[in-house]
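A quick write-up on the structure given underneath.
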Amino acid sequence: MLYSPIKFRNVELKNRWVMSPMCMYSCENGLANDFHFVHYGSRAQGGTGLLIVEATGVEPKGRITNHCMGIWNDEQAEKLQKIVEFVHQNSESRIGIQLAHAGRKGSTWENKQISLEEGWETLAPSPIPYHPSERIPHELTVEEIREQVQNFKNAARRAVKAGFDVIEIHAAHGYLVHQFLSPLSNVRTDEYGGSFENRIKFLIEIVDAVNEELNENVALFVRISGTEYAENGWDINESVELAKILKNHQVDLVDVSSGGNIHGAKISVFDGYQVPFSSAVKNQANVKTGAVGLIKSNNQAEEILQNGEADLIFVAREILRNPYLAVQGSFEMNEECFFPHQYLRAKISS
Ligand SMILES: Cc1cc2nc3c(=O)[nH]c(=O)nc-3n(C[C@H](O)[C@H](O)[C@H](O)COP(=O)(O)O)c2cc1C
């Protein structure tokens with residue numbers, strides 16, 4: 001199963017391993033460089049079914065730091081296109097990009113807010129900072145919300161032009177879209193706040209706008225936090241309800257992570273700790289899901305898939321340790337997996 005293909009629209013993944021999006025904080029002006037070329041290229045050579053490029057800002061204030069990736073201009077998209085072309089020409093991996101807006105969690109360095117001079121005024125659904133020591137974020141007006149939807153749409157258009165196979169919208173980890181979903185960070189009294197339907201409106205508008213830029217050759221994923229581990233906060237029941245609606249809006253997969261919106265939330269972390277959230281969303285909303293979080297071995301990944309708890313396995317830290325995770329796993333499990341033809345002599349150990 002781990003090495004069986006799966007299709008989203010016309011995009012076929014050769015196996016179920018996904019390189020989870022991971023910020024590398026290594027850009028100047030949001031531009032990908034040689035580091036990113038090698039970083040993503042080597043995971044493609046490692047046989048990974050799908051790579052998802054790190055959280056990429058849809059506008060300058062959408063970044064977490066001054067060194068995050070961006071896709072708000074053509075130059076940025078052209079640099080990313082080089083990586084996409086390498087992956088397509090030299091591997092069987094498909095490649096996606098995570099489109100993101102940091103909202104109130106922007107303007108930081110090493111997890112600390114930086115000054116207005118070095119950074120920027122952050123944005124949010126409501127004037128509530130992530131941490132009380134931080135500046136109060138600017139409360140978006142309805143017109144500004146619409147501009148943000150347009151920023152996601154423009155970013156999607158550039159990503160499609162650059163050749164990406166998958167677009168993932170970042171609606172997790174306490175960033176702008178999640179800030180709208182949660183009744184703890186969104187206390188608006190207009191059409192974007194209050195009821196569940198109002199809180200999810202920003203995300204649904206982004207999904208619809210992004211979908212206008214996609215075609216059958218580009219799939220759409222959404223990453224959510226299955227819960228934010230806080231009383232009266234966003235929880236798994238709302239996640240399931242959201243997933244049912246996302247499916248009706250042509251979202252192909254819900255990538256289920258957790259947390260990130262509430263400072264100091266208590267999270268008990270153990271191997272596969274977020275898998276139950278993926279399982280609940282998959283089985284109760286009847287959508288395809290990705291599981292992520294401390295998944296480190298073939299057996300663990302295979303079991304999650306066999307148990308019907310997820311359709312894809314996202315790996316972050318383990319694939320940083322081992323870019324060849326997928327191909328190595330295939331040797332151990334005696335399965336077929338892409339291996340660069342230049343390396344074929346290494347398929348036999350003696
Ligand atoms: C260095 C690093 C950067 C990350 N950046 C992102 C990101 O850009 N977008 C995102 O959704 N998650 C991000 N994450 C979270 C991972 O995608 C993943 O959900 C999390 O690390 C749990 O998976 P793991 O146990 O396999 O590491 C990051 C994680 C790490 C370690």
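Everything numeric here is computed off the predicted structure, so don't read it as measured data. Atoms within a ligand are numbered from 1 in the order they appear, just like the ligands themselves.
For Phe339 and Phe331, the distance between ring centers is under 6.0 angstrom.
Arg104 places a side-chain N or O within 3.5 Å of a backbone atom of Pro129 that can act as its donor or acceptor partner.
Between the choices Arg223, Arg317, Met24, the shortest heavy-atom distance to atom 15 (C) of ligand 1 belongs to Arg223. Looking at Ala316, Pro21, Ser20 and measuring to atom 14 (N) of ligand 1, the nearest heavy atom belongs to Pro21.
Polar contact check, His170 against ligand 1: a nitrogen or oxygen pair lies under 3.5 Å apart.
Per-residue contacts place His173 under 4.0 angstrom from the following atoms of ligand 1 (heavy atoms of the residue considered): 10 (C), 11 (O), 12 (N). Listed by number with element, the atoms of ligand 1 under 4.0 Å from a non-hydrogen atom of Ala55 are 8 (O). Numbered from 1 in the order shown, with element, the atoms of ligand 1 that lie under 4.0 Å from a heavy atom of Gln98 read 7 (C), 8 (O), 9 (N), 10 (C), 11 (O). Those atoms of ligand 1 with a heavy atom of Gly293 less than 4.0 angstrom away are 22 (C), 23 (O), 25 (O).
Put simply, part of Leu294 is less than 4.0 Å from ligand 1, judged by heavy atoms.
Ring pair Phe180/Phe202 is tilted by interplanar angle, where 30° to 60° counts as tilted. Between Tyr229 and Phe277, the ring planes are perpendicular. Angles over 60° get that label, and only those under 30° would be called parallel. Classified by interplanar angle (parallel below 30°, tilted 30° to 60°, perpendicular above 60°), the ring pair Trp109/His67 is perpendicular.
Looking at atom 5 (N) of ligand 1, its nearest protein heavy atom turns out to be Cys23 N, 2.8 Å. Met22 CG, 3.6 Å is the protein heavy atom nearest to atom 2 (C) of ligand 1.
Under 4.0 Å is where a charged nitrogen must lie from a carboxylate oxygen, and between Glu213 and Arg157 at least one such pair does.
Here the NE2-CZ distance, from His170 to Phe152, works out to 9.5 Å after rounding to the nearest 0.5 Å.
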